[in-house]
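Presented below is the structure to which this report refers.
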Amino acid sequence: MEVIDFNRSNTILNKFIAELRDVNVQNDQMRFRRNMERVGEIMAYEISKRLNYTKVKVQTPLGIADINVPEEDIVLATVFRAGLPFHQGFHNYFDHCENAFVSAHRDYTEGNNFEVKIEYLASPSIEGKTLIMADPMLATGTSMFLAYQALLTKGTPKSVHIACTVASTQGVNYMIEHMKDMPDATLWCAAVDNEMNDHSYIVPGLGDAGDLSFGSKD
């Protein structure tokens, strides 16, 4: 699996990541969601450079223009609920793609121990298609991989792009280890942090992306 870490270069993406992390900005839910959407848009643009293209002829008022356009069938998948604003950013660019939705949550057993459970899947066939999975936080990697396994019940994709806003080093290594059977797979990270706390939250991270986007939950 190839890993792309956007934090290694200086782009406007860094400004959006800074605001997503900043406790003084996070109290504005609308801005948090929009920044998450912006990150998705930038990643969608970068992923688009890896797609296959075909030349089409377009009629203009003055003649015919030859333009290269993507030829791939794309399925854009996200994990409820934190992934929704991130997903929207990708959908703004890949506006003709098909969409898939997976629910994943932590079921705590004792102390900080938990099991990730997948309870909902709505997806078209992904057989032979380009699968883009957009989930803002890659902590342990378990939720992302289980979501991927759930999607495999809908077919085998031609290629896989996994995109996250903030990942932990542990989560990155987990995905590399568990995605060995998918040769054409790329992990895109806007930022990678080296630590996780006792609750398996990324440090410094940015907190709970779902709560920051839509409010706290009971």
Side-chain angles (χ1 to χ4, degrees), residues 1-6 39-56 68-84 86-107 115-190 192:
M1 167 177 268
E2 181 183 5
V3 179
I4 308 295
D5 182 358
F6 285 84
V39 175
E41 290 171 345
I42 292 172
M43 285 189 159
Y45 174 76
E46 293 298 326
I47 290 174
S48 75
K49 298 176 183 179
R50 300 290 188 92
L51 304 179
N52 294 318
Y53 285 74
T54 187
K55 183 176 291 185
V56 299
N68 291 330
V69 296
E71 66 177 7
E72 298 183 35
D73 294 324
I74 297 173
V75 176
L76 173 60
T78 197
V79 180
F80 287 145
R81 66 180 166 142
L84 293 177
F86 197 36
H87 172 275
Q88 184 60 54
F90 282 87
H91 207 199
N92 290 345
Y93 280 25
F94 298 124
D95 56 314
H96 289 95
C97 71
E98 297 178 280
N99 293 271
F101 300 93
V102 184
S103 75
H105 72 275
R106 295 180 176 185
D107 186 13
E115 178 183 356
V116 175
K117 292 189 175 181
I118 304 291
E119 294 184 341
Y120 175 84
L121 170 65
S123 173
S125 169
I126 64 172
E127 183 66 35
K129 299 176 183 178
T130 296
L131 175 64
I132 300 175
M133 296 183 64
D135 191 18
M137 309 302 289
L138 181 68
T140 65
T142 306
S143 295
M144 186 74 82
F145 185 67
L146 289 177
Y148 171 69
Q149 286 187 310
L151 287 162
L152 290 182
T153 63
K154 301 298 182 178
T156 302
K158 178 181 68 174
S159 60
V160 179
H161 297 274
I162 297 174
C164 59
T165 302
V166 181
S168 73
T169 300
Q170 178 180 328
V172 170
N173 291 335
Y174 184 94
M175 295 305 296
I176 292 172
E177 175 64 25
H178 286 75
M179 294 292 290
K180 288 180 177 179
D181 293 336
M182 184 64 208
D184 192 357
T186 306
L187 175 61
W188 304 77
C189 307
V192 179

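Because the structure is a prediction, the values reported are computed rather than measured.
When side chains are defined from C-beta on, M175 counts as touching L138, because their heavy atoms get closer than 4.5 Å. By the 4.5 Å heavy-atom criterion applied to side chains, P124 and V75 are counted as neighbours. The closest side-chain heavy-atom distance from W188 to R50 is below 4.5 Å. Considering only heavy atoms from C-beta on, C189 stays 4.5 Å or farther from I4 through its side chain. Within the 4.5 Å cutoff, no side-chain heavy atoms of I74 are placed close to those of H96. For the pair I132/F94, a side-chain contact is recorded, criterion being any heavy-atom separation below 4.5 Å from C-beta on.
Counting heavy atoms of neighbouring residues, nucleotides and ligands inside a 6.0 Å radius, atom OH of Y45 does not exceed 12 of them.
Atom CZ of F145 sits about 10.0 Å away from atom CE of M133, to the nearest 0.5 Å. Note that CZ of F6 is 10.5 Å distant from OG1 of T165, once rounded to the nearest 0.5 Å. We find the OG1-CG distance between T140 and N173 to be 12.5 Å, quoted to the nearest 0.5 Å. How far CG of D73 is from NZ of K158: 8.0 Å, rounded to the nearest 0.5 Å. One distance of note links CE of M137 with SG of C164; it measures 8.5 Å at 0.5 Å rounding. Atom CG of N52 is separated from atom CG of N68 by 11.5 Å, given to the nearest 0.5 angstrom.
With hydrogens and angles left out, the side-chain atoms of E119 and S103 include no donor and acceptor closer than 3.5 Å. Using a 3.5 Å distance cut-off with no hydrogens or angles, the side chains of Q88 and N92 do pair a donor with an acceptor. Using modelled atom types and a 3.5 Å distance limit, the side chains of H87 and N99 yield a donor-acceptor pair.
Counting only distance, with no hydrogens or angles, the side chain of S159 and the backbone of D184 share no donor-acceptor pair below 3.5 Å. Here the side chain of T78 pairs a donor or acceptor atom with the backbone of A134 at under 3.5 angstrom. At least one donor-acceptor pair closer than 3.5 Å links the side chain of E127 to the backbone N or O of T156.
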- Might you work through the side chain to side chain contact (heavy atoms under 4.5 Å, CB included) test for V102 and F80, ending with a clear yes or no? CA-CA 6 Å; V102 184; F80 287 145; over 6 Å; no
- Show your working on side chain to side chain contact (heavy atoms under 4.5 Å, CB included) between F86 and D135 and close with a plain yes or no. CA-CA 7 Å; F86 197 36; D135 191 18; 5.6 Å; no
- Residue pair T186, I162: steps toward the side chain to side chain contact (heavy atoms under 4.5 Å, CB included) verdict: CA-CA 6 Å; T186 306; I162 297 174; over 6 Å; no
- Take V172 and V3 through the test side chain to side chain contact (heavy atoms under 4.5 Å, CB included) and record every step on the way to the result. CA-CA 8 Å; V172 170; V3 179; 4.0 Å; yes
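Partners of S48 according to the side chain to side chain donor-acceptor pair (under 3.5 Å) rule, which considers only residues two or more places apart in sequence or in another chain, do not exist here. Residues forming a salt bridge (Lys or Arg N to Asp or Glu O under 4.0 Å) with E46 (at least two apart in sequence, or on another chain): K49.
When all heavy atoms are compared, the tightest approach of I118 to A147 is CD1-N, 4.0 Å. Looking at every heavy atom in both residues, F90 comes nearest to I47 through CE2-CD1, 3.8 Å. Taking each heavy atom of Y53 and L51 in turn, the nearest pair found is CD1-O, 3.2 Å. Annotation for P183 and D181: closest pair CD-O, 3.3 Å, computed over non-hydrogen atoms. Contact detail for A190 and M43: the closest heavy-atom pair is N-CE, 3.2 Å. Listed here is the closest heavy atom pair of L131 and P157: CB-CB, 4.0 Å.
Between F101 and Y120, the ring center distance fails the sub-6.0 Å criterion.
Ion pair K129/E98 flagged as a salt bridge, since at least one NZ, NE, NH1 or NH2 atom sits closer than 4.0 Å to an Asp/Glu carboxylate oxygen.
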